[in-house]
Every structure is written in structure tokens, then in C-alpha cells.
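This report concerns only the one structure given below.
We use all heavy atoms of the structure for the numbers below, so side chains are in, but hydrogens, waters and symmetry mates are not.
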Amino acid sequence: MRQIVLLRGINIGPRNRIAMPALRGALTDAGFEDVQTYVQSGNVVLSSDLTSDKLARKCETLIADEFGLDIDVVVRTRKELAAVVRRNPLGDVADNPKRYQVSFLEKKPPAALVKKLEQYASASEQLVAHGRELYAWHPDGVARSKLWARLASRELGIKATARNWTTVTTLLELADG
């Protein structure tokens, strides 16, 4: 089964550095097949029969053992990622895929958390929660966005990592390839 493995917070600045060829090699050596990476920010497409949760835990352990890093990992199956792309709740307004983010969460956020996050959105930003994904449109960018600061922080209390729309759709293409 094709699965998408998303690593949180790697290769951003000088910390948590993992070379993608080394990551591909470690995953291949661990028995995963058809391992591909996309850009340097911890996007992996591979084949595995493990459940998404077991795959995430195995990847976290492998990264800790091989690279000495404590990295959160969130996994989606190809089918789940296709549903994320098909849903695209902000597609009518999000006209710049680099400013359209999807946060992939380990579990569905409580309604109270979503309501709290919505309060951080500026007048031009939009947030839509659906299952284990939070779709966020940041038309003015993320640099000064209070919403983005909360989405990117560990304050969520749920393992999560975000990708822009270009990355999301490219990962689906890789999974289909």
C-alpha cells in the first residue's frame, strides 16, 4: 500500500538536519519499498503494509536510532491523501498554492481547539477543519500570521505537520506514479 510519511520540522534552519538520500537509504534498509522523497522538508512516499499508526511509530524509532533525532511523524495512505485533495474546501479562494496550507494531525482536533484557532485568524485568513486535517488560507503569507504561529507550534497538543498545497498535490502525484 502506498503511504505518505510526513516528518515534522526537519531541515528548517540548522537543527534537525537529515539528508534525503540518507533517509531514503535508512527506510529502504528497514524493508520499505519504492521509497521516494520530495524536496528537503521530510516528505516521503513509500510502500508498506503497516497501518498508518504503526508506520509512523516505526519511522520515529528509525529516525531516532539512525539520526539521533526526536521527530514527530504523521502518515496518510494514498487514499486518505486523495480525499484531502478532492475535498479542497478553500479551493475557490486560495489562489496561491504556496500560501494555502494543510496541517496533517495525528488525530481529529477537539471542536474547542478549532474554535480557539479560528480566533487567531486575521480578517483575510480562513481556516477549515475536516477530520484530521486543518486547511488554512494565508493570503498575506505566514510570516506575521498569528494563526500560522499557532498551527506550527506544539501548543496544539496533537502531533501535526503542515504542507503547502503544491507539496500536497505533488505527493499525491508521486503516490500515484
Side-chain angles (χ1 to χ4, degrees), residues 1-12 20 34-48 51-53 55-56 59 72-177:
M1 172 172 44
R2 296 297 277 166
Q3 301 205 52
I4 296 79
V5 178
L6 304 169
L7 283 63
R8 176 188 169 90
I10 69 155
N11 297 338
I12 300 171
M20 292 301 99
D34 308 315
V35 179
Q36 297 174 275
T37 56
Y38 173 68
V39 298
Q40 298 297 313
S41 55
N43 304 295
V44 182
V45 177
L46 53 73
S47 295
S48 172
T51 66
S52 295
D53 287 342
L55 177 57
C59 289
D72 289 343
V73 174
V74 177
V75 174
R76 294 293 186 267
T77 65
R78 184 252 165 241
K79 183 178 178 180
E80 290 169 334
L81 188 64
V84 167
V85 171
R86 194 172 42 254
R87 195 170 300 117
N88 191 12
L90 298 173
D92 290 343
V93 295
D95 58 6
N96 180 340
K98 300 287 187 193
R99 294 180 177 197
Y100 184 17
Q101 304 277 329
V102 180
S103 293
F104 295 91
L105 285 64
E106 182 179 52
K107 61 185 179 182
K108 182 179 178 177
L113 174 60
V114 174
K115 191 168 187 73
K116 182 178 176 183
L117 289 168
E118 288 170 342
Q119 295 172 359
Y120 289 105
S122 71
S124 63
E125 291 179 309
Q126 293 187 42
L127 177 70
V128 174
H130 190 282
R132 298 179 298 156
E133 280 78 39
L134 297 172
Y135 297 80
W137 169 233
H138 308 280
D140 301 320
V142 297
R144 290 186 211 86
S145 169
K146 291 179 183 178
L147 173 60
W148 172 248
R150 294 305 184 279
L151 289 170
S153 78
R154 293 197 180 268
E155 291 177 30
L156 287 177
I158 300 171
K159 287 184 183 182
T161 187
R163 298 298 185 271
N164 70 39
W165 194 251
T166 298
T167 297
V168 171
T169 57
T170 301
L171 289 170
L172 181 58
E173 290 170 11
L174 287 174
D176 286 340

May I ask you to test the [X]-[Y] pair for a side-chain heavy-atom distance under 4.5 Å?
X	Y	answer
Thr161	Leu7	no
Leu46	Leu55	yes
Leu6	Val75	no
Thr77	Ser52	yes
Leu117	Leu147	yes
Tyr100	Val168	no

Pair listing, salt bridge (Lys or Arg N to Asp or Glu O under 4.0 Å) test, anchored in residues 153-177, at least two apart: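 Output for this query lists Glu60-Lys159, Asp72-Arg154, Arg78-Asp176, Arg150-Glu155.
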Name all pairs fulfilling the salt bridge (Lys or Arg N to Asp or Glu O under 4.0 Å) condition that reach into residues 115-128, sequence neighbours left out, sorted by first residue then second.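 Qualifying pairs, neighbours excluded: none.
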Donor-acceptor pair, distance only, cut-off 3.5 Å: does the side chain of [X] make one with the backbone of [Y]?
X	Y	value
Asp34	Ser47	no
Tyr135	Val84	yes
Arg132	Arg76	no
Gln126	Trp137	no

Restricting to non-hydrogen atoms, name the atom on Leu105 and the atom on Ser103 that form the minimum distance, rounded to 0.1 Å.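 Closest approach of Leu105 to Ser103, heavy atoms only: CD1-O, 3.3 Å.
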Quick one: ring pair (Phe, Tyr, Trp, His ring centres under 6.0 Å) partners of Trp148, sequence neighbours excluded? His138
